[in-house]
Amino acid sequence: ECIAESKREESDVHVRLAQVFGSGLRLQQAFLKNENLRIVHIASLAEAMKVNSTLTQLDLSGNKIGDTGAASLAEAMKVNSTLTQLQLWSNNIGVTGAASLAEALKVNSTLTQLDLHHNKIGDTGAASLAEAMKVNSTLTWLALPDNNIGDAGAASLAEAMKVNSTLTQLFLFVNKIGDTGAASLAEAMKVNSTLTHLYLWSNNIGDAGAASLAEAMKVNSTLPQLFLLDNNIGHTGAASLAEAMKVNSTLTHLYLWSNN
C-alpha cells in the first residue's frame, strides 16, 4: 500500500522500499535519509524487518518518524536477527520513542550500533536506554548527541556503564552536561573496562568536572580517547588532567581545544 502511494506521488522511494520488501532480497544496506517517509512507510518497513534475513544496515535519518515510527521499528528489532546498524538521527524521537527502543534493546542480540543523534529524548529517554544497556550484551556504539540529556541523563548512563561490558564508544556531545554529570561519568570510568572512546565536547564541563575525570584517568586502564573540546575548562582543570597524565598509561588522545 505505501509503495503504491509513493509511486502515485511520482516519488522514487517506492523503488527502494520495494528492494527491501522483495521476496528475493539480497540487499544488506538501505539508505533512506531525508525522504519524508510517512508513518505508513515506516510501519511497512518494520513489518518487512520482522521476516528479513539479510539487511544489516538501515539509515532512516532525517525522516521525522517520531515516537510512533520508533515504536514500529522497536517491535521489529525484538525479532529481527540480522540488523547490526540503525541510524535514526534527526527524527523527532522523544521520551516515548526512546523507551520503545530501549525495550527492544533488552531482547535484541544482533544490533551493534544505534545512532539517535539530534532527537528529543531528554534525561528520561536517556534513563530508559541506560536501563537497557545494563542487560544488553551486543551494542558497542551508542550515539546520543544533541538530545538535552543534561546531568541527570549522564548519571543514568554512568550507572549503566558500571555494569555494561560491551559498549566501546559513547557519544554525548552537545547535551548540556555540567560538572555533576562529568563526575558521574568519571565514577563509571573508574570501574568500566570496555569503553575506548568518550565524546563530551560542547558541554558545560568546567574545572570541577575536569578534576573528576582526571581522578578517573588515574585508575582507568582502557580508555585511549577522551574528547573534552569546547567546554569551560580553565587552567585549574587542565592542571588536574596533567597530573592524571603522569600516571595514566593508556590514554593516547586528549582533545582540549576551545576551552578557557
Side-chain angles (χ1 to χ4, degrees), residues 1-7 11 13-121 124-126 128-144 147 166-167:
E1 180 184 346
C2 69
I3 293 174
E5 181 181 350
S6 297
K7 192 171 183 180
S11 167
V13 73
H14 69 281
V15 176
R16 276 165 286 175
L17 286 171
Q19 285 179 318
V20 176
F21 296 154
S23 59
L25 180 65
R26 297 254 191 268
L27 194 67
Q28 291 184 324
Q29 299 176 326
F31 301 96
L32 295 164
K33 294 191 291 187
N34 301 309
E35 295 289 354
N36 291 319
L37 297 182
R38 299 181 180 179
I39 294 300
V40 65
H41 297 143
I42 301 301
S44 296
L45 183 59
E47 287 302 310
M49 285 171 58
K50 291 179 181 179
V51 295
N52 175 272
S53 60
T54 58
L55 193 70
T56 60
Q57 186 174 356
L58 179 61
D59 190 342
L60 294 173
S61 300
N63 276 297
K64 300 178 181 178
I65 68 172
D67 290 339
T68 303
S72 295
L73 293 171
E75 287 303 308
M77 285 169 57
K78 291 178 181 178
V79 294
N80 178 279
S81 60
T82 53
L83 196 70
T84 60
Q85 298 181 35
L86 180 59
Q87 281 83 32
L88 295 175
W89 55 260
S90 194
N91 262 303
N92 289 335
I93 297 171
V95 173
T96 305
S100 297
L101 292 168
E103 288 303 308
L105 286 173
K106 290 178 182 179
V107 295
N108 179 280
S109 60
T110 53
L111 196 73
T112 59
Q113 295 189 17
L114 177 60
D115 188 351
L116 291 172
H117 186 161
H118 189 50
N119 279 287
K120 301 174 180 179
I121 71 169
T124 304
S128 295
L129 292 168
E131 285 302 308
M133 292 308 299
K134 291 178 180 179
V135 295
N136 178 282
S137 60
T138 53
L139 202 70
T140 61
W141 195 96
L142 179 60
L144 300 177
N147 267 290
T166 55
L167 197 70

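Given the structure is predicted, the values throughout are model-derived calculations rather than measurements. Numbering starts at 1 and runs along the sequence shown.
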* Test log, rule side chain to side chain contact (heavy atoms under 4.5 Å, CB included), inputs Leu58 and Met49 -> CA-CA 10 Å; Leu58 179 61; Met49 285 171 58; 3.7 Å; yes
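- When all heavy atoms of His118 and Asn147 are compared, the closest pair comes out as N-ND2, 3.9 Å.
- Here the straight-line distance linking atom OG of Ser90 with atom CG of Leu116 works out to 11.5 Å at 0.5 Å rounding.
- From Trp89, atom CH2 reaches atom CG of Leu60 across 11.5 Å, with rounding to the nearest 0.5 Å.
- Within the model, atoms CG of Leu86 and CG of Asp115 stand 8.5 Å from one another, a figure rounded to the nearest 0.5 Å.
- Note that CG of Asn80 is 7.5 Å distant from CG of Leu55, once rounded to the nearest 0.5 Å.
- Using a 4.5 Å heavy-atom threshold, the side chains of Ile93 and Ile65 count as touching.
- The backbone N or O of Ser61 lies less than 3.5 Å from a partner atom in the side chain of Asp59, making a donor-acceptor pair.
- Applying the side chain to side chain contact (heavy atoms under 4.5 Å, CB included) criterion to Gln113, with sequence neighbours excluded, gives Gln85, Gln87, Trp141.
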Below 3.5 Å, can you tabulate the donor-acceptor pairs from side chains in residues 66-74 to any protein atom, sequence neighbours excluded?
residue : atom : partner : partner atom : Å
Asp67   : OD1  : Gly94   : N            : 2.7
Asp67   : OD1  : Gly97   : N            : 3.0
Ser72   : OG   : Thr68   : O            : 3.3

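- Shortest non-hydrogen contact noted between Val135 and Lys106 is CG2-CG, 3.8 Å.
- Judged by distance alone, with hydrogens and angles left aside, the side-chain atoms of Thr84 form a donor-acceptor pair with the main-chain N or O of Thr56 at under 3.5 Å.
- The distance from atom CD1 of Ile121 to atom CG of Leu144, rounded to the nearest 0.5 Å, is 4.5 Å.
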